[in-house]
Trainee: 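Sending over a structure as structure tokens; questions will come in a sec.
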2 protein chains.
Amino acid sequence: MGERSTGRRTGARRAPLSRERVVTTAMALADEKGAGGVTMRAIGARLGVEAMSLYNHVGGREDILDGMVDAVFGEIDLPAPTADWREAMRDRAASSRAALRRHPWAVGLMDSRSTPGPATLRHHDAVLGALRAGGFSIVMAAHAFSVIDSYLYGFVLQELSLPFTDRAELDEIADDILRDLPSDTFPHLTELITEHALRPGYDYADEFEFGLSLILGALSPAGGRDDG
Amino acid sequence: MGERSTGRRTGARRAPLSRERVVTTAMALADEKGAGGVTMRAIGARLGVEAMSLYNHVGGREDILDGMVDAVFGEIDLPAPTADWREAMRDRAASSRAALRRHPWAVGLMDSRSTPGPATLRHHDAVLGALRAGGFSIVMAAHAFSVIDSYLYGFVLQELSLPFTDRAELDEIADDILRDLPSDTFPHLTELITEHALRPGYDYADEFEFGLSLILGALSPAGGRDDG
DNA sequence: TTGACGGACTTACGGCGTAAGTCTAACGTT
DNA sequence: AACGTTAGACTTACGCCGTAAGTCCGTCAA
């Protein structure tokens with residue numbers, strides 16, 4: 001049993017594991033192979049370690065997923081408390097959307113996770129702080145937080161579940177749908193596709209701005225629909 | 001090998017399988033045990049059949065999940081084309097939210113599914129039709145559809161990922177958070193919890209109405225922020 | 001009576017998360 | 001230098017999972 005050594009010498013140790021390294025590796029794996037690629041064995045392989053060794057540093061798979069979601073919140077720029085709450089919200093929305101698009105698995109993970117991590121809590125606290133600094137009462141800040149975040153997450157969710165990723169795929173899918181349907185089965189859908197989505201400059205991502213402006217424009221610290 | 005019979009007699013046949021029966025059973029399973037409970041073996045067991053028999057009627061697990069999502073869309077009341085587009089949108093939002101809460105696994109499934117089924121297409125067509133009937137142009141209808149649905153899905157997503165389900169759990173979680181934190185680590189979060197969420201009548205579900213009214217109020221066929 | 005065939009059946013494979021137990025190299029103490 | 005402790009890796013094993021492949025039987029048309 002002399003060949004039991006795995007090849008490493010006493011001097012050439014591998015970097016020590018840690019919860020953070022495990023979570024980071026899991027994120028890289030998810031970015032590359034999708035949420036389904038995150039398995040204990042795959043993470044271990046990346047780190048040059050057996051799956052079971054991970055249990056010395058994390059509580060299990062669920063713990064890793066929690067860590068991943070929290071890490072995504074950690075990547076979002078915190079809004080500063082400023083009088084211009086609209087700009088603060090706009091910046092935060094852009095930063096959040098960028099993070100969620102960078103890690104497309106994050107939205108899907110969010111709805112099954114219920115214990116927020118420290119970065120998540122810090123993020124939420126900063127958003128509330130920015131709204132309070134903008135003159136919102138506690139109740140109105142809660143309202144504003146809820147609308148903005150709902151819109152943000154919902155938009156990204158839809159954006160990510162579109163059956164196409166670039167223009168070529170859009171054209172292909174549109175053709176498929178139009179060919180299958182007798183053209184008047186779903187007249188408004190057909191209309192939308194032919195006269196809007198297939199037009200040269202169309203990009204669903206552009207819709208984000210419209211909705212965000214609509215919401216931010218309608219919100220005000222006073223609670224009504226006038227400008228604050 | 002006489003005992004090979006599984007007990008059924010020639011006369012007492014079991015109801016024949018079908019894609020629809022498989023999907024319906026899968027939904028019941030998901031409603032009861034969560035999305036994780038939907039396995040080929042579990043569905044088969046419910047139907048008194050081995051897992052592999054399901055493959056005679058569905059394309060595989062993914063096909064079943066597609067069918068489940070489409071079935072949820074099928075449960076949503078279709079908006080009628082009417083001049084009062086705001087009421088139509090309000091009714092549809094309520095019906096959608098009810099369906100998504102009845103089947104909490106649906107939102108989580110949506111983001112991994114990219115081929116919409118017939119009920120989904122019909123639903124989308126009806127919503128577009130209601131907006132067009134309300135006077136929206138194609139482009140504005142696309143805008144309106146996007147904001148409303150983003151808000152809707154995002155709200156439900158947040159609602160479902162709350163770490164509590166009823167008042168007692170809220171109190172417990174709130175206590176946990178407040179106890180763990182040195183009270184000024186996340187001052188605005190602390191403030192929100194103690195002075196708002198722990199108040200007697202608080203219920204996060206109430207936030208839905210605020211955001212929906214804000215969005216519907218700000219929308220108009222003309223595209224501006226005035227009333228249509 | 002016979003032949004075809006739809007649909008349920010069994011078996012098997014590779015992969016999953018993780019419970020349980022083992023082995024080893026480094027460290028603090030003597 | 002010798003020794004016990006211990007952290008953190010390791011192996012093994014269990015019961016799940018989705019599904020590819022092949023078998024077997026009851027029904028029905030001819």
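Quick note on labels: first sequence line is chain A, next is B, and so on, each numbered from 1.
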Trainee: Which sits closer to the 5' end of DNA chain D, A/Ser53 or B/Met52, going by the nucleotide each is nearest to?
Mentor: A/Ser53
Trainee: Can you find an N or O donor on one side and an acceptor on the other, under 3.5 Å apart, linking the side chain of A/Arg41 with the base of C/dG15?
Mentor: no
Trainee: Rounding to an integer number of Å, can you tell me how far A/Tyr55 OH sits from C/dG21 C1'?
Mentor: 16 Å
Trainee: So what does B/Val58 hit on the nucleic acid, given a heavy-atom distance under 4.0 Å: a base, only sugar-phosphate, or nothing?
Mentor: nothing
Trainee: Can you label the angle between the B/Tyr151 ring and the B/Phe208 ring as parallel, tilted or perpendicular, going by 30° and 60°?
Mentor: parallel
Trainee: Please determine which of B/Glu75, B/Glu159, B/Glu209 meets the salt bridge (charged side-chain N to carboxylate O under 4.0 Å, His left out) test together with B/Arg97.
Mentor: B/Glu159
Trainee: Between D/dG18, D/dC10, C/dG17, spot the one nearest the side chain of A/Arg61, thanks.
Mentor: C/dG17
Trainee: Taking A/Arg92 first and then A/Asp149, would you say they form a salt bridge - that is, a charged N and a carboxylate O separated by under 4.0 Å?
Mentor: yes
Trainee: Just how far, in rounded Å, is P of C/dA8 from CZ of B/Arg21?
Mentor: 10 Å
Trainee: Is any side-chain heavy atom of B/Ile43 less than 4.5 Å from a side-chain heavy atom of B/Leu54?
Mentor: yes
Trainee: Taking the inter-plane angle between the rings of A/Phe210 and B/His143 on a 0 to 90° scale, is it parallel (under 30°), tilted (30 to 60°) or perpendicular (over 60°)?
Mentor: parallel
Trainee: Would you mind reading off the distance between A/Glu50 atom CD and C/dT18 atom C1', rounded to a whole angstrom?
Mentor: 14 Å
Trainee: Nearest whole Å is fine: how far is D/dG8 C1' from A/Arg19 CZ?
Mentor: 18 Å
Trainee: So, OP1 or OP2 of D/dA9: does either fall under 4.0 Å of a side-chain N or O from A/His57?
Mentor: yes
Trainee: Quick check: does any side chain N or O of A/Ser95 sit under 3.5 Å from a backbone N or O of A/Asp91, one acting as donor and the other as acceptor?
Mentor: no
Trainee: I need the CG-C1' distance between A/Asn56 and C/dC23, as an integer number of Å.
Mentor: 13 Å
Trainee: Rounding to a whole Å, what distance do you find between A/Glu62:CD and C/dC16:P?
Mentor: 16 Å
Trainee: When the ring planes of B/Phe73 and B/His124 are compared, do they come out parallel, tilted or perpendicular, using 30° and 60° as the limits?
Mentor: perpendicular
Trainee: Sort by first number and list every stem of DNA chain D: at least 3 consecutive Watson-Crick or G-U wobble pairs, both distances under 3.5 Å.
Mentor: C:1-30 with D:1-30
Trainee: Rounded to whole angstrom units, what separation is found between the CD1 atom of A/Ile64 and the P atom of C/dG17?
Mentor: 9 Å
Trainee: Measure the distance from CG on B/Leu54 to P on C/dG6 and round it to the nearest whole Å.
Mentor: 19 Å
